[in-house]
Structures are given as structure tokens and as C-alpha cells.
Amino acid sequence: MNYWLMKSEPDVYGIADLRRDRQTIWDGVRNYQARNFLRSMQPGDLAFFYHSNAAPLGITGVMRIVESGIADPTQFDSTSNYYDVKSTKESPRWQTVCVEFVEELPHLVSLDTLRSQFSPDELLVVKPGNRLSVIPVAPAIAQRILTLVTAT
DNA sequence: GCCAACGTTGGC
DNA sequence: GCCAACGTTGGC
């Protein structure tokens with residue numbers, strides 16, 4: 001079982017939206033490195049839901065991967081911001097996953113807290129200038145994050 | 001609103 | 001294949 005961290009702007013789609021929807025297709029990722037991580041996800045993997053471009057910044061919840069290898073539907077939608085004219089249904093360029101709500105954390109684990117606990121080598125999200133929206137989290141680091149949740 | 005980081009595009 | 005220009009992300 002692998003752990004991940006996935007960013008979303010709460011103004012666009014936040015943890016409250018996922019709690020309401022229970023499941024969602026994580027669409028709109030248009031970065032090859034992030035896509036490759038999405039491709040390697042497996043059902044049962046857990047992902048931290050991270051609020052970016054927000055106040056406060058940080059991890060707000062946990063979700064579970066329920067299906068992987070889904071062709072991102074927005075790449076075929078000419079009205080979408082994420083439309084990709086070069087992608088075909090026969091060989092889609094962008095794959096993503098379906099996630100389900102697991103929990104909203106009682107207290108957000110802020111970026112400041114994450115910075116105080118982890119080095120950029122341990123947790124990429126604390127690296128200044130980092131823009132990757134889907135990142136792997138080592139199991140030992142994930143366990144330490146979960147410990148921070150219960151400690152606060 | 002600013003700007004650092006960095007991925008993508010396109011001319012050559 | 002190089003690299004300058006440009007666009008986007010996301011923290012501050």
C-alpha cells in the first residue's frame with residue numbers, strides 16, 4: 001500500500017466538496033511527472049488531501065484510491081480548460097484516478113507544521129518552489145504525518 | 001500582486 | 001538538440 005499527497009485549491013475543489021461527493025475523478029492534471037505518479041497508483045492506496053493557494057495551507061484530509069488508469073474525461077471536452085486537442089480516445093494522453101473520501105482531519109496539519117517536522121528530502125511538498133501537484137509519500141513519513149494529526 | 005521555480009513551446 | 005521566451009503554479 002502506497003501513500004500520496006495530492007494538491008487542490010479549495011476554491012476550485014476542496015475537502016468539503018469531496019466529503020459531499022464521497023467520490024470524484026481527480027481530473028485536470030496536465031503535468032507528465034504528476035501523471036506518471038497517478039498511473040502508478042493502485043486501489044487501496046491512501047492520499048493526503050492538501051489545500052494549496054489557500055489560507056490556511058496544509059493537509060486537510062485523507063482519501064483512498066478506488067480506481068486507477070481512468071482516462072481523464074476533460075481531455076476530450078473542447079469546452080474544458082483541460083481540453084487536449086492532441087489526445088485521442090484510442091490512446092489518451094492523460095490518465096487519472098477515482099478517489100473516495102476517508103476523513104476530514106479535525107485540525108489541519110499546516111504547511112508550517114510540515115516544514116518544522118520534515119526536510120524537503122523527506123516530504124517534497126515542503127520544498128520551496130515545489131509545484132508538483134501529485135507526490136509520493138514514504139510510508140514512514142505518512143505514519144509520522146498521521147501522528148501529527150492525533151497529537152494536535 | 002509579486003516573484004521564484006520550472007515545465008513547455010518553438011525557432012534555429 | 002539547444003535554449004530563449006513564455007506560461008503556470010503556488011507561497012508569500
Side-chain angles (χ1 to χ4, degrees), chain A residues 2-21 23-41 45-65 68-99 101-138 141-142 144-149 151-152:
Chain A
N2 295 305
Y3 292 91
W4 308 90
L5 181 147
M6 298 162 80
K7 297 179 187 174
S8 185
E9 301 185 21
D11 289 350
V12 178
Y13 195 89
I15 188 70
D17 297 297
L18 183 60
R19 187 183 52 216
R20 177 197 63 218
D21 296 343
Q23 288 196 351
T24 194
I25 291 177
W26 201 265
D27 60 18
V29 172
R30 292 295 179 270
N31 170 285
Y32 287 104
Q33 196 177 354
R35 182 207 61 184
N36 292 343
F37 285 133
L38 288 168
R39 281 179 171 173
S40 66
M41 289 181 181
D45 286 359
L46 292 177
F48 295 105
F49 195 125
Y50 178 90
H51 277 180
S52 63
N53 262 321
L57 290 165
I59 293 171
T60 60
V62 178
M63 51 197 168
R64 183 181 295 109
I65 312 305
S68 62
I70 300 171
D72 184 336
T74 61
Q75 69 195 305
F76 308 122
D77 177 1
S78 61
T79 67
S80 169
N81 289 336
Y82 303 116
Y83 179 58
D84 185 343
V85 69
K86 295 177 187 165
S87 189
T88 64
K89 297 217 174 187
E90 292 70 30
S91 93
R93 182 178 293 190
W94 304 106
Q95 288 83 34
T96 189
V97 296
C98 179
V99 297
F101 178 83
V102 173
E103 64 171 331
E104 182 171 4
L105 302 184
H107 304 285
L108 172 136
V109 179
S110 71
L111 179 59
D112 287 344
T113 297
L114 294 172
R115 283 230 165 90
S116 74
Q117 298 293 320
F118 302 107
S119 71
D121 284 345
E122 291 176 312
L123 187 66
L124 190 61
V125 77
V126 307
K127 186 179 180 183
N130 152 69
R131 297 189 307 161
L132 193 58
S133 66
V134 179
I135 70 170
V137 179
I141 303 299
R144 285 172 59 193
I145 293 172
L146 292 169
T147 302
L148 292 173
V149 172
T152 49

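Everything numeric here is computed off the predicted structure, so don't read it as measured data. Labels below follow one simple rule: chain letters A, B, ... track the order of the sequence lines, proteins then strands, and each chain is numbered from 1. As a basis for the values below, the full set of heavy atoms in this structure was taken, side chains included, without hydrogen atoms, waters or symmetry mates.
- Nearer the 5' end of DNA chain C, as judged by each residue's closest nucleotide, is the contact made by A:Tyr82, out of A:Tyr82 and A:Leu111.
- Computed from coordinates, the A:Leu123 CG to C:dG11 C1' distance equals 15 Å when rounded to whole Å.
- The side-chain hydrogen bond (donor to acceptor under 3.5 Å, both in side chains) contacts involving residues 49-60 of chain A comprise A:Glu9-A:Asn53, where partners must be two or more places apart or lie in separate chains.
- In this structure A:Ala34 satisfies the side-chain contact (heavy atoms from CB on, under 4.5 Å) test together with A:Val29, A:Asn31, A:Leu132, A:Ser133, A:Val134, sequence neighbours excluded.
- Side-chain nitrogen and oxygen atoms of A:Lys7 include at least one within less than 4.0 Å of the OP1 or OP2 phosphate oxygen of C:dG10.
- Classified by interplanar angle (parallel below 30°, tilted 30° to 60°, perpendicular above 60°), the ring pair A:Phe48/A:Tyr3 is parallel.
- At the phosphate of C:dG11, OP1 or OP2 sits under 4.0 Å from a side-chain N or O atom of A:Tyr50.
- Protein atom CG of A:Leu124 is 14 Å distant from nucleotide atom C1' of C:dG11, rounded to whole Å.
- Partners of A:Ser80 under the side-chain contact (heavy atoms from CB on, under 4.5 Å) rule, at least two apart in sequence or in another chain, are A:Thr74, A:Asp77, A:Tyr82.
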So which protein N/O to nucleotides 3-7 of chain B N/O distances come out below 3.5 Å?
residue, atom, partner, partner atom, Å
B:dC6, O4', A:Arg131, NH2, 3.3
B:dC6, O2, A:Arg131, NH1, 3.2
B:dC6, O2, A:Arg131, NH2, 2.7
B:dG7, O4', A:Arg131, NH2, 3.1

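- Scanning for side-chain contact (heavy atoms from CB on, under 4.5 Å) contacts around A:Arg144 gives A:Phe118, A:Glu122, A:Ile141, with sequence neighbours left out.
- In this entry the distance linking CD1 of A:Ile135 with P of C:dT9 reads 17 Å, nearest Å.
- Counting to the nearest Å, the P atom of C:dT8 and the CG atom of A:Leu132 are 18 Å from each other.
- Qualifying ring pair (Phe, Tyr, Trp, His ring centres under 6.0 Å) partners for A:Tyr32, counting only residues two or more places apart in sequence or in other chains: A:Trp94.
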